[in-house]
Every structure is written in structure tokens, then in C-alpha cells.
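None of these values were measured; they are calculated from a predicted model. We count ligands from 1, going down the list as the structure has it; atoms in each ligand are counted the same way.
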Amino acid sequence: MALSPIDPNSYARGDLVKTTHIHMDWDVDFQAKVLSGTCTYSMTKVDPSATSVLMDVRDVDISSVKLESSGEELKFTIDGETPFGSRLEIQLPTECADEFKMLITYKTTAKCEALLWMSPEQTSGGVHPFVFSQCQAILARAMLPCQDTPSIKVTYSASVTAPVGVTVLMSAVRKEENQPTGDNKMKFSFEQKIPIVSYLIAIAAGDLKSRKIGPRSHVWAEEKYLETAAFDFSDTEKMLATAEELCGPYVWGIYDILVLPPSFPFGGMENPCLTFVTPTLLSGDKSNATVVAHEIAHSWTGNLVTNVNFEHFWLNEGFTKFTEYKIAGRLKGEAARHLQAIRDWPSLVECVNKDFGADHPLTKLVPCLEGVDPEDAFSQVPYLKGQAFLWFLETKVGGPTKMEPFLRSYYEKFKFQSISTAVFHKYFWEYFADYFEELKDIDWNTWYYAPGMPPVKPDFDQTLVIPVYDLADRWRKWSDDTSAVCPFHQDDLKSFMSEQVTEFLNNLMVGDPLSLKAVEKLTEVYKFNESPNKEILFRWIRLGLGVHYEASVQPAVDLVTEVGRGKYVIPIYRDLWKWEEKKQLALDTFEATRAKLMSMAREGVAKELGLKPKV
Ligand code: BES
Ligand code: ZN
């Protein structure tokens, strides 16, 4: 079955007939746990000889396809089933205009992996149900039939009904006041006037309240999280203004943040106009707001200039990491930018050398994804190898004063487009045509296509980690001989930023492990087990599980029961699984909680527990 010639993960053929606008007329049915209704697609024939429309679907139940102008029913077939979707082919009438609209009436099914439905009891308020979507990478096709490839951009509008008491939000600008529809439902309307890719279509509905946190920003959440969220994200406008300085004007109008229930599988998701975040970012001291900086950066890198398919995902995530660090540098100082990069680096090393292995093809900056689900390819590589590459290029061209104007010009030139690495490469050379001497020795092919760690490691400034590593070394030394008087005190951490504390814990996890006694003492002195910051709690748990510290087991189970964020649950299950006596506990906990997880986290955990073959 022929796939798209430009996207190995899609059946869509935008080169024949492509979508330009979608209007969704949806009803959110919490009882049946389905999203149902009619989508109207504005289509353009790109190839005049095309006789059918090709789209992607996955577990959706289509009842009819009609041509809008005549009401004529169009024949359709669904075939070519793969683990990540099927091909929807819609036959066009012989006399079909070059521009036409078609209506698909359908509903989602119980198998839908894009939506997570929660009963009122599963929410913090306990009164109303909740649903949210996560479409990246290729799950938009499970929410609506669509040309689910990032090579195609569409505008959208939507009109959504939901039971009274529930607020509906989408990745778009909210239109007009909400209307009661008479049947104990409310109607919400939205408009996204900027062309976006399918994976950015997003919806959430629940008992949501909002607070204004800036001139163009509200934070949305269940009541329980609202106040902390408003505080933790109060630097949003500063971050937006900084990102605009770096990247150019913010074109999306509003920038809101939606705090989801704990089952949200990611830290953040850059849905346009409405970033989705996990409540695990909330710490009461703003220390995890860097995730918001990251999602803000996507407003240019990913949402304006987009990878043409997921083989070029580094154009999204590598650029975004690079920009995220720069925002930190502008707001907290250059040393903080380096600290953030230093802190992330070990996760690239772990991913490349341990998880995949240094010659695994998925450790290439630009991998081949034929026959590979992007979900299985997802890793730190596009993020951190990508950012390292840009960091390297910046030093080659003479620093930020040269690189930043280039980036602005790149966003301006390729905004609203979907591009490949080759397009970036060509434009880079065009822009820096006078830099032949500086650039001639760059080994581009190794950077792009060689597996393993990046060929050059950035030269990170160690200022903020010297005291951190020093303290960690002292702990290691004491750990070797715990009969000596314990020289540590709570105040050891007093002058540290929270990023330094997490780096301290990172450092203790690499190299020679601390003794069990030392981990016990460390817990007693610093009380990491009581930290409201999940980044700290998570690392403390892992440190404990690594040395079979019984007191870390219950907190581990509690965290993976409460939270569905893959970044936390996958490594914790991995650690429990490595500990022979806890294997059964890991299996039982997963069995009890798997229904609350979204597929990306659930499948990740299943692999760790040997329930599914590894990639
Ligand atoms: N776009 C990603 C999340 C994503 C990637 C979802 C691929 C599905 C498929 C988002 O911008 C992201 O990178 N989130 C990170 C946070 C960040 C600070 C690195 C996360 O969730 O951990
Ligand atoms: Zn990202």
C-alpha cells in the first residue's frame, strides 16, 4: 500500500488533493466516551488528474462522506492497516471542481489512543468528567480522519458542544461567548487562522477555571491547581517577550497554559494558543517553568517552521531546546543557560550509549523512519544532539551576534512551511556564504547521519556546577567510610538554585553509587523525600531504588500511581524491574494503574516490564 512519498508515517497524498481548512462540528459525549460529529474539509486538487482523496485514520467509525455542494454520498474504503493507522480513500465524482468541500460524519471509538477520558472520580474536583487529547506524533488520525502528516498545514474552526458545567478549550482562539444549546449543553467556538499541522489540533474539556497571568495569557486548570499555577507561571510574559526578541514577532495572538490532570503523559505540549502542561511542573517556586519556555519557543520552532516528517524532528526539538536555553540565559544569566545544558547532557549519554547503543540507527540526528512508529523512535537524540549541533554551528559562525539574526531570518523565510534538513542546510550556506573558511571543515555528514554521540561536545561553562560536584564528591568520600562523623548539614544546599540541586542528584547517580547508609543519611539531612518539586523527588526515588533503599519504594509506587508523565514513570518502573524482589510489585502496580495512562507512557512502561519486545 503506497505511503506518502514525503512522509513514511502517513498515507496522505497532499500532492494529489490536499486539505486547506477543517471545520469541526463536535459533541463531547462523556457517557459514551466518544467525540462525534461532522468535519467539513476544504480541499484543493493539486493534481488535476486525481480521482480520489487519500487520508489517514485509526480506529474511527465513519458513517458517511458527502460532497458539500451537491450532498452526494462519496464512496470510501479503509485499508492498508498498520499498527499506526490505515488508509482512507475517498472516491471523487468525475465532475469535481478543483476546490471543493466534503463532509465526514464519524465518531471516535473506545480504542482511540489520542483521547484520555476521565470519570468525575478521577479528577481532583470530583464533580465533572474530563477529557484531553495528545495528537503528536501521529495520533490526530485517531481523533479525526485527516491528512495526518506534518507536511500539510491547515487552518481550522470548531464548534463543540459539551454538558453544562464543562468548559471546552482548543488549540485556537476562543470565539464569541459560549451558547447554551437547550439540551443541558453548552456550545463553544474556536478559530485557528494560522495554518497548522494536524498534530497541533488539540482539545480538552473539564471543570476548568482560568486566571489572567499576563496581557495575552491565562492559565487554565481545575480549581485545585489554579493558584499555584498562576504563581509558578507568572514569568510567562517575560518569557514571551524574550522569545520575541530572539525569534521575531509572536503571531498566535494569545498564549494560554492549560494544566492537565496528572495523567498527561508529557511535561508540556506546544498546542498553539494553548500549551498543555503536566501538573508535576507545579512546585510553588517556579523552578520548572523552563518547560513553559520550551513550549513558548515552539511558537517559532515547530509551529511556524515545521519538520516535513518525523525524520527531521530535530528541526522542531533541537531548535526548541537551543532557544529554551537561550531564554534561560537572557532571564537568569549565561551561567544558568550552561547549567541547563549540562544538566540535560547525561540524558543524551544514557539514551545513546545505554538505551539504544551507540551504533543504533535511531541515534542518527536524521534517522530513517520507514516502517518505524515515531513513538518508538522518540528519544533525547533530536532534542540534545540537535541542540548540540546548533550550539556548535553558533561557535563556528562567530557567536550569538551572528547566529541569532540568522535564526530570525530562517523563521521569517520558512514560517508557515514544512521543511527538511536539506532545506535548512541549503539556507544556512546561503546565509553564511561569506564564511567558507570558518565552515569548510565541518563534517556535516557525521552530524546528520552518523549514529552515536555528537562528534563535538559543546564547551559548557562549569561555574554553577563546581560547588555542586564538590558536594557530591564529599558525599561519595563519606559514603566510603560512614564511620567518620557526618559532616553534612541542611544548609549545604542553601545557596543552590533548584537546577543545581537536581544536578547534584544527577551527579550522585552516575559513577560509583553511594552506599545504602549514605542514601539514608542524605535523606535525613536534606529531606528530599518531602520536596514539593517533582524533579527532585523523582531523582531521590531513583537514587534510592538504585541501592535498594526500602524507604524509596512506597514513594516510587505513589508517584507512578498518581502521575502518568512518561519521563517519570518509565525510569521508575525500569528501576523497580531491576530490583529482583520488586518485580512483582512493578507488575501489580502497572496492572492497577495502566488504564489511567496514555499510550505513549503505557507502551513505554510495558517495554520496561518485558511485556512487549524492545525496538
Ligand atoms: N512536542 C514535545 C512533546 C512531544 C514530542 C509529544 C513528541 C509527542 C511526541 C514537547 O515540546 C516537549 O518536548 N516536551 C518536553 C519538555 C521539554 C522541556 C523537553 C517533555 O514533555 O518532557
Ligand atoms: Zn518540544
Could you tell me, atom by atom, which parts of ligand 1 come under 4.0 Å of a heavy atom of [X]?
X      : value
Tyr383 : 2 (C), 5 (C), 12 (C), 13 (O), 19 (C)
Phe378 : 5 (C), 7 (C)
Phe313 : 5 (C), 7 (C)

Of all the N, O or S atoms in Glu317, which has the shortest distance to the Zn ion (ligand 2)?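 For Glu317, the N, O or S atom at the smallest distance from the Zn ion (ligand 2) is OE1.
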
Atom of His294 nearest the Zn ion (ligand 2) (restricted to N/O/S, atom name only):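 So the atom name we want here is NE2.
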
Glu270 near the Zn ion (ligand 2): N/O/S under 2.8 Å: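 Glu270 does not place any N, O or S atom closer than 2.8 Å to the Zn ion (ligand 2).
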
Are the charged groups of [X] and [Y] less than 4.0 angstrom apart, N to O?
X      : Y      : answer
Asp148 : Arg58  : no
Glu113 : Arg602 : yes
Glu535 : Arg539 : yes
Glu503 : Arg343 : no
Asp376 : Lys607 : yes

List the closest protein heavy-atom neighbour of [atom]: residue, atom name, distance to the nearest 0.1 Å.
atom                    : answer
atom 14 (N) of ligand 1 : Gly268 O, 3.2 Å
atom 20 (C) of ligand 1 : Gly267 N, 3.5 Å
atom 1 (N) of ligand 1  : Glu270 OE1, 2.6 Å

Going by distance only, is there an N or O of [X] that falls short of 3.5 Å from an N or O of ligand 1?
X      : result
Phe266 : no
His294 : yes
His298 : yes
Met269 : no

Side chains of Asn533 and Ser531: is there a donor and an acceptor less than 3.5 Å apart?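 No, no side-chain donor-acceptor contact under 3.5 Å.
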
Does Tyr199 come within less than 4.0 Å of ligand 1, judged by its heavy atoms?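 No, Tyr199 has no heavy atom closer than 4.0 Å to ligand 1.
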
Which option wins on minimum heavy-atom distance to atom 5 (C) of ligand 1: Gln134, Lys567, Gln136?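 Residue with the shortest heavy-atom distance to the ligand atom: Gln136.
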
Residue portion contacting ligand 1 (non-hydrogen atoms closer than 4.0 Å) for Glu317: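 Side chain only.
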
Measure Glu295 to ligand 1 on non-hydrogen atoms and call it side chain, backbone, both or neither using the 4.0 Å cut-off.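 For Glu295, the contact with ligand 1 is made by the side chain alone.
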
Less than 6.0 Å separating the ring centroids of Trp26 and Phe190?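 No, too far apart.
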
Measure up the His425 and Tyr448 rings against each other and bin them: parallel (under 30°), tilted (30 to 60°), perpendicular (over 60°).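 Rings of His425 and Tyr448: perpendicular, over 60°.
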
When you measure from the centre of the six-membered ring of Phe266, is the NZ or CZ of Lys567 under 6.0 Å away and within 45° of the axis?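 Negative - Lys567 is either too far from the ring of Phe266 or too far off its axis.
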
Can you list the residues that meet the side chain to side chain donor-acceptor pair (under 3.5 Å) rule with Asn353, with sequence neighbours excluded?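 Asn353 satisfies side chain to side chain donor-acceptor pair (under 3.5 Å) with no residue once adjacent residues are dropped.
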
Among residues at least two apart in sequence or on other chains, which ones pass salt bridge (Lys or Arg N to Asp or Glu O under 4.0 Å) with Arg87?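 If we apply the salt bridge (Lys or Arg N to Asp or Glu O under 4.0 Å) test to Arg87, skipping adjacent residues, the hits are Asp79, Glu89.
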
